[in-house]
Amino acid sequence: MQKNILIYGLISGVIVSVIMLFSMNYYSHCEGNVDWNTSMLIGYASMLIAFSMVFVGIRNYRDKFNNGTISFGKAFKIGILIVLIASTIYVVSWLVYYFFFIPDFMDKYGVREIENMKTSGATMTEIESKTKEMAEFAKMYKNPFFNAMMTYAEILPVGLIVTLISALILKSKTKNNTI
């Protein structure tokens with residue numbers, strides 16, 4: 001079981017990390033032309049693509065190693081372990097990329113948020129409040145532990161949902177042994 005979990009966790013982690021790194025590299029070179037909503041959509045779509053390995057990993061274990069049967073609990077356990085491995089690879093990739101290649105990311109993100117508020121007609125009080133909030137968040141984000149926890153909070157819920165759905169679809173009480 002561990003080998004199955006490790007293989008599918010690594011595949012899933014590599015998929016989501018490679019897509020994230022390519023897209024972040026692309027967007028970090030687009031001065032002023034970044035569509036952050038599209039970037040976020042691509043990010044979550046890549047998580048769903050990568051977490052398709054959860055379904056495949058559970059099904060592979062059920063069919064090849066467990067005689068075609070698996071309980072919801074066992075399927076959930078396998079799926080969540082795959083998700084934890086993939087998410088950890090994603091978090092480590094993000095931390096390396098953030099701290100070594102784009103340490104000004106939060107500053108640029110904050111500027112964009114403030115510009116959006118100005119163009120949408122926000123009051124000076126709202127803008128000042130958001131500016132303070134973004135500065136405090138950027139300061140906290142420089143802490144690797146806080147940064148890692150925020151990154152886990154981004155990816156783990158997606159993996160949990162995929163795991164729940166996969167475990168529900170793939171569970172089977174007993175194998176039909178009719179002759």
Side-chain angles (χ1 to χ4, degrees), residues 5-6 8-57 79-166:
I5 291 167
L6 185 60
Y8 288 101
L10 290 172
I11 292 169
S12 182
V14 167
I15 291 169
V16 73
S17 296
V18 165
I19 295 172
M20 179 266 297
L21 292 171
F22 275 118
S23 65
M24 287 304 298
N25 186 53
Y26 172 76
Y27 285 120
S28 68
H29 292 91
C30 295
E31 293 299 321
N33 296 326
V34 176
D35 180 358
W36 295 95
N37 292 328
T38 301
S39 174
M40 199 170 0
L41 181 66
I42 290 169
Y44 283 107
S46 72
M47 290 176 198
L48 289 173
I49 292 166
F51 287 145
S52 68
M53 290 295 110
V54 169
F55 184 89
V56 174
I80 206 66
L81 290 172
I82 291 170
V83 166
L84 287 172
I85 291 169
S87 297
T88 300
I89 293 169
Y90 177 81
V91 168
V92 169
S93 298
W94 170 251
L95 291 173
V96 169
Y97 192 69
Y98 177 79
F99 284 105
F100 291 103
F101 298 101
I102 56 168
D104 61 342
F105 174 77
M106 286 308 295
D107 298 328
K108 289 180 179 179
Y109 182 78
V111 167
R112 184 202 57 99
E113 286 293 308
I114 301 306
E115 289 300 316
N116 284 346
M117 288 183 76
K118 288 177 183 176
T119 59
S120 68
T123 67
M124 281 307 281
T125 306
E126 292 170 326
I127 292 171
E128 288 172 4
S129 174
K130 186 67 167 183
T131 301
K132 251 186 222 179
E133 179 186 326
M134 292 303 295
E136 288 173 19
F137 188 78
K139 184 179 177 185
M140 289 187 303
Y141 210 70
K142 290 185 188 307
N143 176 324
F145 180 76
F146 179 80
N147 191 317
M149 292 303 101
M150 293 301 294
T151 308
Y152 271 117
E154 175 184 313
I155 192 169
L156 280 176
V158 177
L160 178 62
I161 291 167
V162 171
T163 298
L164 283 169
I165 292 168
S166 297

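A distance of 6.0 Å or more separates the ring centres of Y8 and F55. Aromatic pair Y141/F105: ring centres not closer than 6.0 Å.
For the residue pair K142 and P103, the shortest heavy atom distance occurs at NZ-O, 3.9 Å. What you find for S23 and I42 is that their closest heavy atoms are CB-CG2, 4.5 Å. Shown here for P144 and L95, the closest heavy-atom pair between the two residues is O-CD2, 3.9 Å. The shortest heavy-atom contact between L21 and S93 is CD2-O, 4.1 Å. In plain terms, the two heavy atoms of F51 and V162 that are nearest each other are O-CG1, 3.3 Å. Here the shortest heavy-atom pairing between P157 and A153 reads CD-O, 3.2 Å.
In terms of modelled atom types and a separation under 3.5 Å, the side chain of S12 and the main chain of A50 share a donor-acceptor contact. Judged by distance alone, with hydrogens and angles left aside, the side-chain atoms of T119 form a donor-acceptor pair with the main-chain N or O of E115 at under 3.5 Å. When atom types are taken as modelled, the side chain of S17 and the backbone of V14 share no donor-acceptor pair closer than 3.5 angstrom. The closest donor-acceptor contact from the side chain of S46 to the backbone of G43 lies under 3.5 Å. A donor-acceptor contact shorter than 3.5 Å links the side chain of E126 to the backbone of T123.
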**Request:** Decide yes or no on ring-ring contact (aromatic ring centres under 6.0 Å, His included) for F137 and F146, but give the supporting numbers first.
**Result:** CA-CA 10 Å; F137 188 78; F146 179 80; 5.7 Å; yes
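The CG atom of D107 lies 14.0 Å from the CZ atom of R112; values are rounded to the nearest 0.5 Å. A distance of 13.0 Å separates CE of M24 from CZ of F101, quoted to the nearest 0.5 Å. Distance check, rounded to the nearest 0.5 Å: OG of S166 to CE of M53 gives 10.5 Å. For the atom pair E113 CD and E133 CD, the distance stands at 9.0 Å (nearest 0.5 Å). Rounding to the nearest 0.5 Å gives a distance of 7.5 Å between CE of M117 and OG of S129. Atom-to-atom distance recorded for I155:CD1 and L160:CG is 12.5 Å, nearest 0.5 angstrom.
Side-chain contact check for K118 versus I114: some heavy-atom pair is nearer than 4.5 Å. Counting heavy atoms from C-beta on, the side chains of Y152 and N147 never come closer than 4.5 Å.
Only one option out of T163, I89, L156 pairs with L84 in a side-chain contact (heavy atoms from CB on, under 4.5 Å); it is L156.
The pair K139-E136 does not count as a salt bridge, with every side-chain nitrogen at least 4.0 angstrom from each carboxylate oxygen.
There is a side-chain donor-acceptor pair under 3.5 Å between E154 and Y90.
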